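Take a look at the structure below.
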Amino acid sequence: MFFKRVLIANRGEIARRIIRTCQRLGIETVAVYSEADAEMPFVKEATIAVCVGPAQAKKSYLDIDNIIQAAKETNADAIHPGYGFLSENATFVRRCEEEGITFIGPTAKSIELMGSKLEARSQMQKAGVPVVPGSEGRLNSIEEAVSLAEEIGYPLMLKASAGGGGIGMQLVHNADELSRAFDSTKQKAESFFGDGDLFLEKWISNPRHIEVQIAADKQGNVIHLFERECSVQRRNQKVVEESPSPYLDEKRREELLQTAIRGVQHIEYTNVGTMEFIFDGEKNFYFLEMNTRLQVEHPVTEEITGLDLVELQLQLAAGERLPFQQQNITKNGHSIECRLYAEDPNTYFPSPGTIKRLVLPENARLDFAIEEGSQVSPFYDPMIGKIIVHGEDRNQAIEKMKEALEQLKVEGITTNLLLLYDIMENVSFKKGEYTTKFLDEFQKQRK
Ligand code: ADP
Ligand code: ADP
Ligand code: MG
């Protein structure tokens, strides 16, 4: 096999997900964990586990020195970063290179390029990929922002160039709102991402978020693995994802997929990645950003293509050629994923605590972070698991999801389980007619 021992610089469901593939391939795994996570399933399932610090992510999962030390102590020959944490940190990738450890992902240069939304927009324009109309380069002052905003036209999204996870963007309707939002958004961007660069983007009023999964080898071959529809969102973060998108006909789909490939070829990207696009009401699409890592919602792509994206990441990181050509990849049926959050579904406040009882459905793929007795820690992202189903068509997938959600029981903490079920029953969702506004509007009706 390509690697003997892989360290997973992450936690929760994605750490377990990566362990599963490694076990199947006969690769040993090293889990790193914080003191708060000592009893979590991923720690027990890895071949070796190393504590890398206290609960605060900054002192454990985000501490590059500690992670590298753990990799050296355990003789890991590669590091898989999962998503979030260090997965899009170019400094970390360079450290891996210096230490002779393979980073399972793209190059530091690609991460840097795409980590800046400003730089990414400019690269994509060069590649002939349409971007959301907006400002070029960073905004240097409120005055400059206001004057550019007049040119582009309100409403606008004021965005942090380094933003992620739905954080660091603010919708503004006029010069007054823009002036007031400018400093606070900049500060937020600085404190969250260490980079206060801002830019403006035209606000797309009834948009759909549709993204393209791509894979590229170091020999220059690029393929797509179809699209994912991710328009069911709360606070600009995804809650339900599916593939294929019910919004696209075959012609538009092909245009989107080929555009994504063109963008990826232009930046000479390697490994797996996701090109995110926003669609307006007329089916025009614009590049939003690229995520240079495995995505939370990658399972729906695996379900319709039959591929294992973690295995593909390992192969590509080891320098192997893409093991198949575009024409050999076909999509089959329909897949839906629901994200189970430990949170109040109305306020979105996290709900940490102990899982007192957990009953799992039998008809679904379950990528879960927790088991009965697990502690949901307040220190990390409140997503505790994903329920994934596959059906012959979209209706069958929805029915399977409803069944799975009915069987699933989580006691001890508050979750969004009922909300997920209600989404599956919603008429607009069932018809496939929904935009990124859907969930907010639906929540208002439910109350
Ligand atoms: P995806 O499209 O894969 O859902 P998200 O942008 O929602 O991507 O982020 C994936 C995960 O990474 C989420 O769990 C989110 O909380 C986390 N994440 C994203 N950006 C950051 C960040 N800058 N700092 C910490 N966590 C982040
Ligand atoms: P992040 O890095 O936080 O994932 P994105 O740029 O990918 O940020 O945007 C996240 C979500 O925010 C999108 O899926 C969409 O719902 C919303 N959004 C972003 N930009 C716009 C825009 N210009 N107009 C309307 N909605 C937007
Ligand atoms: Mg995004």
Side-chain angles (χ1 to χ4, degrees), residues 83-85 87-89 111 113-124 129-136 139 145 148-149 152-173 177-178 181 185 188-189 192-195 197-214 227-242 245 247 256 260 263 273-282 284-298 339 348 381 383 434-442:
Y83 55 72
F85 293 126
S87 62
E88 294 177 285
N89 185 315
I111 290 180
L113 271 184
M114 294 297 110
S116 156
K117 292 188 184 183
L118 274 168
E119 183 62 40
R121 281 167 63 84
S122 128
Q123 290 290 334
M124 288 308 139
V129 173
V131 303
V132 185
S135 58
E136 311 287 323
L139 303 167
L148 284 168
I152 309 162
Y154 293 96
L156 286 163
M157 203 68 123
L158 178 64
K159 272 193 182 181
S161 177
I167 299 161
M169 63 179 94
Q170 181 66 46
L171 170 63
V172 294
H173 296 88
E177 282 182 19
L178 173 56
T185 309
K188 203 166 185 183
F192 269 89
F193 312 109
D195 174 352
D197 283 1
L198 302 179
F199 67 104
L200 290 167
E201 236 177 48
K202 182 111 194 125
W203 182 66
I204 312 285
S205 63
N206 270 301
R208 298 187 70 129
H209 174 122
I210 304 177
E211 57 187 35
V212 179
Q213 176 70 56
I214 62 91
E227 81 282 3
R228 291 182 291 255
E229 165 80 58
C230 312
S231 301
V232 180
Q233 301 184 350
R234 61 128 170 71
R235 293 191 177 155
N236 302 318
Q237 261 205 345
K238 302 154 189 168
V239 180
V240 178
E241 303 98 344
E242 58 180 312
S245 165
Y247 191 57
L256 173 72
T274 297
M275 294 276 282
E276 295 191 332
F277 294 87
I278 192 161
F279 276 69
D280 67 16
E282 276 85 54
N284 298 305
F285 60 80
Y286 309 92
F287 171 79
L288 258 188
E289 64 158 345
M290 181 174 192
N291 290 330
T292 54
R293 53 170 164 85
L294 190 68
Q295 206 104 344
V296 175
E297 58 275 17
H298 75 279
R339 299 192 191 188
Y348 303 135
D381 193 277
M383 192 186 76
Y434 60 90
T435 70
T436 59
K437 286 185 171 166
F438 165 78
L439 197 51
D440 282 341
E441 285 164 6
F442 179 53

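In this chain, numbering begins with 1 at the start of the sequence shown. In each ligand, atom 1 is the first atom listed, and ligand 1 is the first ligand listed. In this text the structure is predicted, and so the values were computed from the model without any measurement.
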Those atoms of ligand 2 less than 4.0 Å from some heavy atom in [X]:
{"X": "E276", "value": "7 (O)"}
{"X": "G164", "value": "1 (P), 2 (O), 3 (O)"}
{"X": "G163", "value": "2 (O)"}
{"X": "H209", "value": "13 (C), 14 (O)"}
{"X": "M157", "value": "18 (N), 21 (C), 26 (N), 27 (C)"}
{"X": "T436", "value": "16 (O)"}
{"X": "L288", "value": "6 (O), 7 (O), 9 (O), 13 (C), 19 (C), 20 (N)"}
{"X": "W203", "value": "24 (N), 25 (C)"}

Side-chain donor or acceptor of [X] paired with backbone N/O of [Y] under 3.5 Å:
{"X": "E229", "Y": "E242", "result": "no"}
{"X": "S161", "Y": "K117", "result": "yes"}
{"X": "K437", "Y": "S205", "result": "yes"}
{"X": "E227", "Y": "S245", "result": "yes"}

Between the Mg ion (ligand 3) and E289, which N, O or S atom of the residue is the nearest one?
OE2
Using only N, O or S atoms, tell me which atom of E276 is closest to the Mg ion (ligand 3).
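Nearest to the Mg ion (ligand 3) within E276's N, O and S set: OE1.
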If you compare all heavy atoms of S231 against all heavy atoms of Y434, which two are closest, and at what distance to 0.1 Å?
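Taking every non-hydrogen atom into account, CB-CE1, 3.6 Å.
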Run R339 and E241 through salt bridge (Lys or Arg N to Asp or Glu O under 4.0 Å) and show every step you take.
CA-CA 9 Å; R339 299 192 191 188; E241 303 98 344; 2.7 Å; yes
Heavy atom of K202, distance to ligand 2 below 4.0 Å:
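Right, K202 reaches ligand 2.
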Just to check, does K238 reach to within less than 4.0 Å of ligand 2 when the distance is taken from its heavy atoms?
no
For atom 20 (N) of ligand 2, state which one of M169, E289, K159 supplies the nearest heavy atom.
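Shortest heavy-atom distance from atom 20 (N) of ligand 2: K159.
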Hey, does the Lys NZ or Arg CZ of R234 hover above the aromatic six-ring of Y348, less than 6.0 Å from the centre and inside 45° of the axis?
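Yes, R234 lies over the aromatic ring of Y348.
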Please assess Q295 against R228 for the test side chain to side chain contact (heavy atoms under 4.5 Å, CB included), listing each intermediate value before the final yes or no.
CA-CA 11 Å; Q295 206 104 344; R228 291 182 291 255; 3.8 Å; yes
Any carboxylate oxygen within less than 4.0 angstrom of a Lys/Arg side-chain nitrogen, looking at E201 and R121?
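Looking at R121 together with E201, the answer is yes, because their closest N to O distance falls below 4.0 Å.
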Is it true that K159 and E289 make a salt bridge, defined as a side-chain N closer than 4.0 Å to a carboxylate O?
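Here K159 does not pair with E289 in a salt bridge, since their nearest N and O are not under 4.0 Å apart.
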Any nitrogen or oxygen of I204, main chain or side chain, under 3.5 Å from a nitrogen or oxygen of ligand 2?
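For ligand 2, there is an N or O atom that lies under 3.5 Å from one belonging to I204.
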Of the side chain and backbone of I278, name the one, both, or neither that has a heavy atom under 4.0 Å from an atom of ligand 2.
side chain
